[in-house]
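Just below is one structure, and these are the notes that go with it.
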Amino acid sequence: QVQLVESGGGLVQAGGSLRLSCAASGGTFSLHAMGWFRQAPGKEREFVAAISSRGGMTYYADSAKGRFTISRDNAKNTVYLQMNSLKPEDTGVYYCTAQRQLLPTWTDHDYDYWGQGTQVTVSS
């Protein structure tokens, strides 16, 4: 059983940056693809970014391309999401997720483990 704990959320002005972290425990981190999803108030949860188990392949939603960077440190069992040029529409709860496979997908039903989420609020 993998446990995921996110941190780094907060309130930031439009154009600012935040770095989310997700610490994993309870499993072999390097055998899991990792992802970030978000959910805005009144909206469905949506894919943001994902990374393969060794970090060699990354995937982004169109809304995140060019602004967000997903990375991982397998020695620290941690995955990161660097978010730059934030917009008010990036506001939501951001969830860290893990899949028991090497390459990630971008469908939330494919993910096996979820963190509790961290709130990101971008003010205009």
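Fair warning: this is a prediction, and the values are worked out from it, not measured in the lab.
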Could you tell me whether the side chain of [Y] reaches within less than 4.5 Å of the side chain of [X], counting heavy atoms only?
{"X": "Ile51", "Y": "Met57", "value": "no"}
{"X": "Pro88", "Y": "Ser123", "value": "no"}
{"X": "Gln82", "Y": "Ser71", "value": "no"}
{"X": "Tyr113", "Y": "Gln1", "value": "yes"}
{"X": "Gln99", "Y": "Thr97", "value": "no"}
{"X": "Met34", "Y": "Leu4", "value": "yes"}

Rounded distance (nearest 0.5 Å) linking atom [atom1] of [X] with atom [atom2] of [Y]:
{"X": "Lys76", "Y": "Asn74", "atom1": "NZ", "atom2": "CG", "result": "12.0 Å"}
{"X": "Asp108", "Y": "Gln39", "atom1": "CG", "atom2": "CD", "result": "9.0 Å"}
{"X": "Ser25", "Y": "Asn77", "atom1": "OG", "atom2": "CG", "result": "8.0 Å"}
{"X": "Thr118", "Y": "Tyr94", "atom1": "OG1", "atom2": "OH", "result": "10.5 Å"}
{"X": "Gln101", "Y": "Asp112", "atom1": "CD", "atom2": "CG", "result": "7.5 Å"}

Could you state whether Val12 and Met83 fall into the same hydrophobic cluster, counting links through intermediate Ile, Leu, Val, Met, Phe, Trp or Tyr residues with side-chain heavy atoms under 4.5 angstrom apart?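 Yes; tracing contacts between hydrophobic side chains, which count when under 4.5 Å, links both residues.
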| message | If hydrophobic clusters are built by linking Ile, Leu, Val, Met, Phe, Trp and Tyr wherever their side-chain heavy atoms come under 4.5 Å apart, do Trp106 and Leu103 end up in the same one? | response |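 Cluster IDs for Trp106 and Leu103 match.
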request  = Examine Arg72 relative to Tyr80 and say whether NZ or CZ is less than 6.0 Å from the centre of the six-membered ring and inside a 45° cone about the ring axis.
outcome  =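 Arg72 over Tyr80 ring: no.
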- Query: Within 45° of the ring axis of Tyr111 and under 6.0 Å from its six-membered ring centre, is that where the NZ or CZ of Arg100 lies?
  - Reply: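 Because its charged atom misses either the 6.0 Å distance or the 45° angle limit, Arg100 does not stack over Tyr111.
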Of the non-hydrogen atoms in [X] and [Y], which two are nearest, and what is the gap between them?
{"X": "Gln119", "Y": "Thr121", "value": "NE2-OG1, 3.3 Å"}
{"X": "Lys87", "Y": "Val122", "value": "O-CB, 3.2 Å"}
{"X": "Ser124", "Y": "Ala14", "value": "CA-CB, 4.4 Å"}
{"X": "Val2", "Y": "Gly27", "value": "CG2-CA, 4.0 Å"}
{"X": "Gly26", "Y": "Gln3", "value": "CA-OE1, 3.9 Å"}
{"X": "Ser30", "Y": "Ser53", "value": "O-CB, 3.2 Å"}

Residues Thr78 and Asp73: side-chain donor-acceptor under 3.5 angstrom:
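Their side chains do not contain a donor-acceptor pair, so the 3.5 Å distance test is not met.
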Requested in this report: Report yes or no: do Glu6 and Ser21 form a side-chain donor-acceptor pair below 3.5 Å?
Outcome: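 Checked: Glu6/Ser21 side chains show no N/O donor-acceptor pair below 3.5 Å.
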What's the verdict on side-chain contact (heavy atoms from CB on, under 4.5 Å) for Phe47 and Tyr60, showing C-alpha distance, side-chain angles and the deciding distance? CA-CA 8 Å; Phe47 170 77; Tyr60 297 93; 5.6 Å; no
**Request:** Could you tell me if the ring centre of Phe37 sits under 6.0 Å from that of Trp114?
**Result:**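 Yes, ring centres under 6.0 Å apart.
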- prompt: How about Tyr95 and Trp36: are their ring centres within less than 6.0 Å of each other?
  reply: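 Centroid distance Tyr95-Trp36: not below 6.0 Å, so no.
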Scan Asp90, Val120, Leu81 and name whichever one has a side chain to side chain contact (heavy atoms under 4.5 Å, CB included) with Arg38.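 Checked Asp90, Val120, Leu81 against Arg38; only one passes side chain to side chain contact (heavy atoms under 4.5 Å, CB included): Asp90.
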Notebook entry, point to check: Hey, mind stepping through Phe68 and Leu86 against side-chain contact (heavy atoms from CB on, under 4.5 Å) and telling me if it holds?
Noted result: CA-CA 9 Å; Phe68 294 4; Leu86 283 162; 3.9 Å; yes
